[in-house]
Amino acid sequence: MEFLQPADLREVLETKAAHPEAVPIFGGTDVMVDLNFDRERPGAVLDLTRVPEIREWSRKDRRLRVGAGVTYTRAITELGGLLPGLAMASRTVGSPQIRNRGTIGGNLGSASPAGDALPPLYASDAGIEVASVRGVRMVPVEEFITGPRTNALRPDELITAFMIPEARGPQQYAKIGPRNAMVIAVCSLGLALHPESRAVGACIGSAGPTPIRPHEAEGFIEGVIEEHGLWESRSEIPASALERFGALVAEAAKPIDDVRGTASYRRHAVGVLARRTLTWAWDEYRRDAG
Amino acid sequence: MTQAPIRERAVTPDGIGESVGRPDGVPKVKGEFEYSSDLHVDGMLWGATLRSPHPHASIHSIDTSETGTMTGVFAVLTHEDVPGRKVYGMEIPDQPVLAWEKVRYQGEAVALVAADHPETARRALEKIRVDYEVLDPVTDAEAAMAEDAPRLHLSGNVLRRVDVGHGDPGATAEVVVEGEYEVGMQDQAFLGPESGLAIPHGEGGVDLYISTQWLHVDQDQVAESLGLPPEMVRLTLSGVGGAFGGREDLSMQIHACMLALHTSRPVKMVYGREESFYGHVHRHPAKMRYEHGATRDGQLVYVRANLLFDGGAYASSSNAVCLNAATFACGPYDVPNAQIESHMLYTNNPPCGAMRGFGAVQVCFAHEAQMDKLAEKLGMDSVEIRMKNAIEPGMKFPFGQEVPYPAPVREILERVRAMPLPQERESMGRDLRELPGGVSNTTHGEGVRRGVGYAVGFKNIGFSAGFDDYSTARVSLSVEDGKPVARVLTAAAEVGQGLVMVQAQIARTELGVENVVVETADTRIGSAGSTSASRQTYVTGAAVKEACEKVRERVFDLAREEFGESDGLAIEDGNVVSDGLVVAPLAEVLGDAEISETVEFHHRATHPLDENGQGDAHLQFAFAAHRAVVEVDTELGLARVVEVATAQDVGKIINPLALEGQIEGGIAQGLGLALMEEIQIDDGRIQNASFTDYLIPTILDMPPVKIEILELADPEAPYGLKGVGEPPTIASTPAIVAALRDATDRDLARIPVRPEHIVGLEVKP
Ligand SMILES: Cc1cc2nc3c(=O)[nH]c(=O)nc-3n(C[C@H](O)[C@H](O)[C@H](O)COP(=O)(O)OP(=O)(O)OC[C@H]3O[C@@H](n4cnc5c(N)ncnc54)[C@H](O)[C@@H]3O)c2cc1C
């Protein structure tokens, strides 16, 4: 097995173009598991850890460019204030060791429906920066993830970063697992309030082939908030609307039965999580007024 | 929050009663301990196993021609190459060393390869062509009982049946409760995979370095299948990474030895994690139907139970599990009339066998649920009803044996009840780590309800039903570098439980010497029996103690020879003393002499059950009671165990810290069975052969444990001690489930309890 270790962005893109079959590796927390289980025997592995553009994050005009190689630990410690939903999701990932090595770019690369970093990216309409020797393109995350374990990358492309607006309102992430750490999501929910654009972003994790934006539920609750002028008044969302929001989210899920949980439980649980996370986010929005 | 067990000042430093630390503790934490998977010798080959992908199939042919010619491959072996007995098994040798004609479970070993690199070995396996004809698998014990079920073994599908009949089979009662209970397949989930190193020793035999629970039962089976006399197969215990019953049966032992003898090279085998799930037996899944009858004031009148265990494809220790379950089916209660049927079936599921609690775990879940049901129906307190029916010394168990002293069932229940409950606090606004779901942020207090549950359980210590259970110990005493040193040799397996400390503690206390070397266990000495049934501290402890006593007598003989007759001889602080006055330093008494004594300790004989399931089947009984406090998010079905309190009678505390470790570890395993641990099988195939999906509790799932220890000496046992390893695992599970029921008002008749059960969603059939 060849181990390719380019030092800068240009070189890494050229290497990928020359070795399209090379498997990119950053934290290796998915790649090494695949190698260990003999699920994959790549001819070459392409190490991305030396490339500054992939490692770093920056902020401009209240938008963030976060390098694909930012780890969960860094998302918690460095981005916790700017991307609270992503930080909450990061806190639920694996164990300290995994959070120290695992990256959000790797989560996008693996494109598991259970990837914990994905719902927060969906809920804030992140764009994925994809680069090759042919140039850079920006793909909305919802289009980037194309199916279970598949994404829109072409053979010569790499994920260099994702672009995301910094939080202007409260965000939440909640994840169901039968134990309190080191668990793959049975299902999860990411939620973000966007008061400036008067929008509510939500995303169901691990209850469908990909993360799912429950567009109808989002539209419904945005309508309720508009109708009652709640963005301005910051009054409570009526309980019946919270219930309905939960029910619509549950309806949007496309869960299956597997070893981790049943379809009916997943559907039920994402509904409960949707109602609860919206309640918490809205309570925070109301408190922030004071 | 853990309350240190009561301790007594020992006479000898680091002797009996002291919290002597593990000699391998620091190396293990630092990653320097050598487990059997770390063994290495120059020039060794790597063995690998081809396993059946099918739970049930006929084998028409095995073609190894392509593999044999690969570079780096030194051997490809099949059933034809087994030199001796082609089957093995502890109780019934029914399991092929390598399958021929048929495979009976997914993962059954079919062929072996030795190569110069593990990867080469793995690739070589892919080149072996096995022509299978896939057969319908029998995947559930009930189906296996059917008249027209395929016969999986010549003897039929019934592996064992034990009936216990006691009192009046037609007894009736004023109040009756019924229930059906189910236990999923738990795994021992030890962290050190099956592994070992076989080295041909040049005289036609082989040396095997191995992690196991019982060197001699391995030795006998390996020798038998190699066609060698036992003394040609020498076993040495290697570093064991946990066992819990899963290392009682053979895994790679015969295979590595076959490959080593065939290639005349050392051969190492290490299972991967996934392979490990196929490489050892699991805890028997059970379906249990119960009926309890009682008087209106809560006195038990009768218990009827039908127990159905899935033994999987091969016998392993299913016989003994079936018997244990039958004898413990009623719980530690005075039951005047009992009708118990315990059935053990062969299926095409993975073989099941020994696991901590050994048949007592499954029935305890059921009988304790029944006691709560009865209490509820009668409007009685759940502890009261247990105390009212608690068994006492002098009474008879339903299987006819008299209850020996001590049997403090009532006392331990009183103790757990008396311990203060953790304070109940407002759930809203707590730190997430103190809520169900933890930092996964699923509740901020919404839907959270608290529940409290109690359970009591018991189990036999030592091997039962007529088995000649014994241990052999050699203790030597001599002067090394001017200091008296005792050496202890046994073949008893240290699997993490702390027997190495216990052996040294006994020698220090009995011989009054500071320096004790516990030698690596091997087969140079006679059998120590198995490290299971919570028996080693009792049985090997007794052998070491007796050997020490004999050595001590010989020291006194020497002292009398050299220094004249004297009374009241003892060894204290490195001196031989007479009535408290120093006769001479021990080193001086010993001089150049090496005193060595070997003792075989056999415990009191036990007896098989008769056809009515009656007999003095068990040696010793150990009891533990648990109280669990849980908090449940009733809307999401997530639970957090807040605290477990326990009271256990141990007879005598040998090592307080090690005891605490056994209790907390046992409760963790009990919690795992209550809430998450299950090997999921679909059509005979394991669905979750990894630690990604076979979940065991983490430190964030484990609550603080309050411990109260009783020391009621068993007059027959060394120091009065009782085995301590298994009781913590038995009643902890039902206590947690009782607490869940208390919080949710749901039946929860199946473990592990899943979130969908707690929220009451339809569960897939
Ligand atoms: C014990 C354990 C626990 C875990 N727990 C969780 C959990 O709770 N939640 C969760 O979501 N995940 C979990 N994971 C999975 C894993 O940690 C995450 O998916 C992580 O985000 C992967 O990041 P990485 O940098 O390690 O990726 P790698 O393993 O380096 O790569 C993952 C995939 O992405 C590709 N890739 C990586 N970087 C790029 C790039 N820049 N461009 C193109 N392709 C790229 C790789 O080729 C590979 O296909 C766990 C893994 C382990 C081993």
Side-chain angles (χ1 to χ4, degrees), chain A residues 1 33 35-39 41 76 84-85 87-95 112 114 116 171-191 246 256-273 275-277 279-280 283-284, chain B residues 119 122-123 126 272-274 432-433 435-447 633 635-641 671-672 675-682 686-702 752-764:
Chain A
M1 191 173 74
V33 174
L35 292 184
N36 265 334
F37 277 118
D38 208 17
R39 290 186 201 125
R41 285 181 186 172
I76 296 164
M88 290 168 104
S90 299
R91 238 172 256 129
T92 74
V93 171
S95 58
S112 157
D116 284 308
Q171 301 186 344
Q172 285 289 337
Y173 183 76
K175 162 177 171 179
I176 304 270
R179 71 177 173 195
N180 285 329
M182 290 289 284
V183 74
I184 297 181
V186 170
C187 58
S188 67
L189 200 103
L191 187 118
I256 53 164
D257 284 335
D258 66 16
V259 284
R260 292 173 197 145
T262 61
S264 59
Y265 174 75
R266 287 185 159 111
R267 191 181 292 287
H268 163 81
V270 293
V272 175
L273 292 181
R275 169 162 48 77
R276 286 185 183 174
T277 52
T279 309
W280 302 333
D283 281 352
E284 188 184 332
Chain B
E119 184 61 21
R122 202 151 69 160
R123 289 179 187 221
E126 290 169 10
R273 177 59 58 203
E274 187 178 355
L432 286 179
R433 283 166 300 184
L435 286 165
V439 294
S440 292
N441 189 40
T442 49
T443 178
H444 293 175
E446 297 90 340
D633 180 339
E635 230 184 334
L636 287 174
L638 301 178
R640 165 178 172 260
V641 182
L671 184 153
L675 292 175
M676 59 187 88
E677 291 191 38
E678 181 174 7
I679 295 189
Q680 298 185 47
I681 314 265
D682 188 12
I686 299 183
Q687 304 298 302
N688 55 341
S690 76
F691 283 155
T692 308
D693 285 312
Y694 184 87
L695 300 183
I696 53 179
T698 70
I699 192 72
L700 290 179
D701 301 286
M702 183 63 191
V753 176
R754 297 175 61 105
E756 50 267 33
H757 299 150
I758 294 178
V759 298
L761 287 172
E762 198 64 28
V763 182
K764 61 178 171 180

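In what follows, every heavy atom counts, from backbone to side chain, and hydrogens, waters and symmetry copies are set aside. Letters A, B, ... mirror the listed sequences (proteins, then strands); counts begin at 1.
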Next on the checklist: Counting heavy-atom pairs under 4.5 Å with chain A, which one of B:Gly438, B:Ser440, B:Gly637 comes out on top?
Outcome noted: B:Ser440
Item to check | Separation of B:Leu636 CG from A:Ile176 CD1 (nearest 0.5 Å) | outcome: 4.0 Å
Item to check | Residues forming a side chain to side chain contact (heavy atoms under 4.5 Å, CB included) with A:Ile184, sequence neighbours excluded | outcome: A:Ala114, A:Arg260, B:Thr692
Checklist entry - Just by modelled atom types, is the B:Asp701 backbone N or O under 3.5 Å from a matching donor or acceptor in the A:Asn180 side chain? => result no
Checklist outcome for this item: Looking only at heavy atoms, the pair that brings A:Leu35 and B:Arg122 closest together is O-NH2, 4.5 Å
Checklist entry - Is chain B contacted by the side chain of A:Asp116, its backbone, both, or neither, given a heavy-atom distance below 4.5 Å? => result neither
Next on the checklist: Counting heavy-atom pairs under 4.5 Å with chain A, which one of B:Asn688, B:Ile699, B:Ile696 comes out on top?
Outcome noted: B:Ile696
Item to check | Winner by heavy-atom pair count (cut-off under 4.5 Å) against chain B, out of A:Thr277, A:Thr92, A:Asp38, A:Leu273 | outcome: A:Asp38
Next on the checklist: Please classify the contact of B:Glu119 with chain A as side chain, backbone, both or neither, using a heavy-atom distance under 4.5 Å.
Outcome noted: side chain
Checklist entry - So how far is it from A:Asp257 CG to B:Asp682 CG, rounded to the nearest 0.5 Å? => result 10.5 Å
Next on the checklist: Does any backbone or side-chain atom of B:Arg433 lie under 4.5 Å from a heavy atom of chain A? Answer side chain, backbone, both or neither.
Outcome noted: neither
Next on the checklist: Just verifying a value: how many Å separate B:Thr698 OG1 and A:Met182 CE, rounded to the nearest 0.5 Å?
Outcome noted: 8.5 Å
Checklist entry - Quick one: does A:Arg41's side chain get under 4.5 Å of B:Arg123's, heavy atoms only? => result yes
Next on the checklist: Under a 3.5 Å distance rule, please check whether B:Gln680 uses its side chain to pair with a backbone N or O of A:Val259 as donor and acceptor.
Outcome noted: yes
Next on the checklist: Counting heavy-atom pairs under 4.5 Å with chain A, which one of B:Gly437, B:Gly447, B:Pro755, B:Ser690 comes out on top?
Outcome noted: B:Pro755
Checklist entry - Between B:Glu446, B:His444, B:Glu274, B:Arg754, which residue shows the highest count of heavy-atom pairs closer than 4.5 Å to chain A? => result B:His444
Item to check | Identified side chain to side chain donor-acceptor pair (under 3.5 Å) counterpart of B:Asn441 within the set A:Arg91, A:Gln172, A:Lys175, A:Arg276 | outcome: A:Gln172
Item to check | Listed partners of B:Phe691 passing ring-ring contact (aromatic ring centres under 6.0 Å, His included), at least two apart | outcome: B:Phe277
Checklist entry - What part of B:Val439 is in contact with chain A, defined as an atom under 4.5 angstrom from a non-hydrogen atom: side chain, backbone, both or neither? => result both
Checklist entry - For A:Tyr265 and B:Leu638, which heavy atoms make the closest approach, and how far apart are they? => result OH-CD2, 4.2 Å
Item to check | Structural part of A:Val33 lying under 4.5 Å from a heavy atom of chain B | outcome: neither
